[in-house]
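Worksheet: one structure, shown below.
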Amino acid sequence: MSEQNENKMEKIVSLCKRRGFVFQGSEIYGGLRGTWDYGPLGVALNNNIKREWWKLFVDSREDMYGLDAAIIMNAKVWEASGHTGAGFCDPLVEDVKTGERFRADHLLQDNGIEAEGLSLEEIDSLIADNAIKSPKGNELSKAREFNMMFASRVGATAGEEGKVYLRPETAQGIFVNFKNVLDSMSPKMPFGIAQIGKAFRNEIAPREFLFRVREFEQMEIEYFVKEEDWETEFEKLRKDIVVWHKHLGLSEENIREYDVPENDLAHYSKRTIDFEYNYPGKGFDELAGFAYRTDHDLKNHMEASGTTMEYIEPDGARFIPHVLEPSFGIGRALTAVLCEAYTEDEMNGEVRTYLKLPVHLAPYRVAVSPLLKNKPHLVEKAREVFTELKAEFSNVAWDDNGNVGKRYRRQDEIGTPYCLVIDFDTLGEEAPENKDTVTVRNRDTGEQERVAIADLVGYLK
Ligand code: ATP
């Protein structure tokens with residue numbers, strides 16, 4: 001990977017901290033690996049991504065239903081889904097001297113060895129044959145399975161009784177509510193249930209900023225189809241995912257669809273596509289997953305819970321639907337959006353950094369400033385314009401720090417598409433023909449034009 005790309009990622013991480021997008025979790029106590037906190041602008045960007053996703057996949061369609069299930073679920077859910085068993089484990093090896101733990105498949109990949117879907121024995125022999133050591137140069141232990149679920153307890157009981165798990169995916173919350181949605185909404189086939197929420201995985205080695213963390217948010221859909229329709233519906237949803245990634249502003253050449261080869265598919269999946277993004281300094285890696293999971297999940301829950309998961313057609317025909325699962329991690333999407341938007345160019349003879357964020361994702365749509373903050377009549381007029389725009393768009397910033405040049409640089413760095421300045425012309429004090437107009441500066445071109453206050457809402461839309 002080129003040095004330039006590695007630097008780009010470092011610059012983005014540092015911009016995220018400097019400008020209030022993302023902070024290290026528990027930072028003042030030395031941090032906590034695999035956790036990150038979203039600052040004021042990170043929350044805004046995150047919320048915008050979630051809102052746009054919900055609009056596209058739920059609100060604009062007739063065949064999607066929303067859900068918000070509890071994070072803590074009955075342990076039986078995870079037994080039925082297979083998460084408590086080997087199905088949700090990663091291979092772990094330890095540095096025998098320091099006790100540091102690593103994901104064995106990642107260590108192999110870091111040494112240029114393909115490591116997808118290997119057994120523990122295969123991992124051990126590859127480590128031995130290639131004389132792979134820990135990053136500190138020490139011997140490695142034998143590989144063993146490590147379950148990634150976080151366990152906790154409910155209530156005051158000791159022992160196994162109160163044992164629960166923090167959900168490692170939002171999907172199971174959807175399956176266990178399948179019957180509730182059927183009974184309450186009477187959906188017609190095919191239909192989907194969508195959920196956005198937190199998921200927790202005790203990753204052995206969290207790394208690469210928001211890419212692999214222990215607490216993250218997912219946006220997931222379980223789309224229920226008749227078995228014979230899965231291929232047609234798969235193709236339709238695949239296209240919807242392509243549209244979504246365009247909507248995030250991600251360019252075609254940075255997205256790759258990896259059709260997971262048959263021998264690497266999970267045993268219940270007949271087809272899986274990983275949507276990969278070309279992360280700077282890392283290369284193509286999974287941004288979102290899209291899997292055809294047959295009737296595996298509903299069948300398992302039906303068997304384990306004794307509750308029927310059958311769909312009944314108007315003519316009385318009964319069947320367990322098959323399911324297509326598009327699954328998106330918000331942190332990985334947010335990182336991709338930032339990587340795509342991060343731009344350096346030259347303006348007025350100086351290097352400037354700006355985030356070329358799509359307007360619908362930018363934390364602020366517009367920043368409003370009085371030219372000078374010590375002129376009460378300018379401030380008063382600017383406040384008037386600010387209040388009017390805030391009522392319309394809500395994500396409007398008030399910025400009177402430093403001089404106008406500095407404000408532009410700061411707003412560029414956080415991706416604000418437009419800056420408005422209320423000056424003496426606005427008040428009609430210098431050029432009467434400009435009365436009640438403001439300067440609007442465009443983030444990408446740096447160009448400025450005068451726009452009548454009365455036309456601002458239309459202009460900014
Ligand atoms: P990987 O192979 O990279 O570990 P996965 O195949 O286990 O990912 P899924 O179980 O398909 O991931 O989860 C769906 C989505 O959730 C992923 O595409 C990703 O966007 C997100 N995701 C999964 N694990 C993490 C994590 N530890 N940190 C951040 N996002 C994650």
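Ligands are counted one by one from 1 in listed order, and the atoms in each one are counted from 1 as well. From a predicted model like this one, the values you see are computed outputs, not experimental measurements. Counting begins at 1 with the first residue of the sequence.
- Checked against the 6.0 Å centroid criterion, the rings of Phe211 and Phe209 do not qualify as a close aromatic pair.
- Between Glu344 and Lys8, no side-chain nitrogen of the basic residue sits less than 4.0 Å from a carboxylate oxygen of the acidic one, so the salt-bridge criterion is not met.
- Aromatic pair His296/His267: centroids less than 6.0 angstrom apart.
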Can you list, pair by pair, the side-chain donor-acceptor contacts under 3.5 Å of residues 68-84, counting residues two or more places apart and other chains?
from: Asn74; atom 1: OD1; to: Lys76; atom 2: N; distance (Å): 3.0
from: Ser81; atom 1: OG; to: Val77; atom 2: O; distance (Å): 3.3
from: Ser81; atom 1: OG; to: Trp78; atom 2: O; distance (Å): 3.3
from: Ser81; atom 1: OG; to: His83; atom 2: N; distance (Å): 3.4
from: Ser81; atom 1: OG; to: His83; atom 2: ND1; distance (Å): 2.6

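- The side-chain hydrogen bond (donor to acceptor under 3.5 Å, both in side chains) pairs that include a residue from residues 183-192 are Lys179-Asp183, where partners are two or more places apart or lie in different chains.
- Ordered by chain and residue number, the residues placing a heavy atom less than 4.0 Å from ligand 1 are Arg201, Glu203, Leu210, Phe211, Arg212, Val213, Phe216, Gln218, Glu286, Leu287, Ala288, Gly289, Ser327, Gly329, Arg332.
- For Asp444, the salt bridge (charged side-chain N to carboxylate O under 4.0 Å, His left out) criterion is met by no residue, not counting sequence neighbours.
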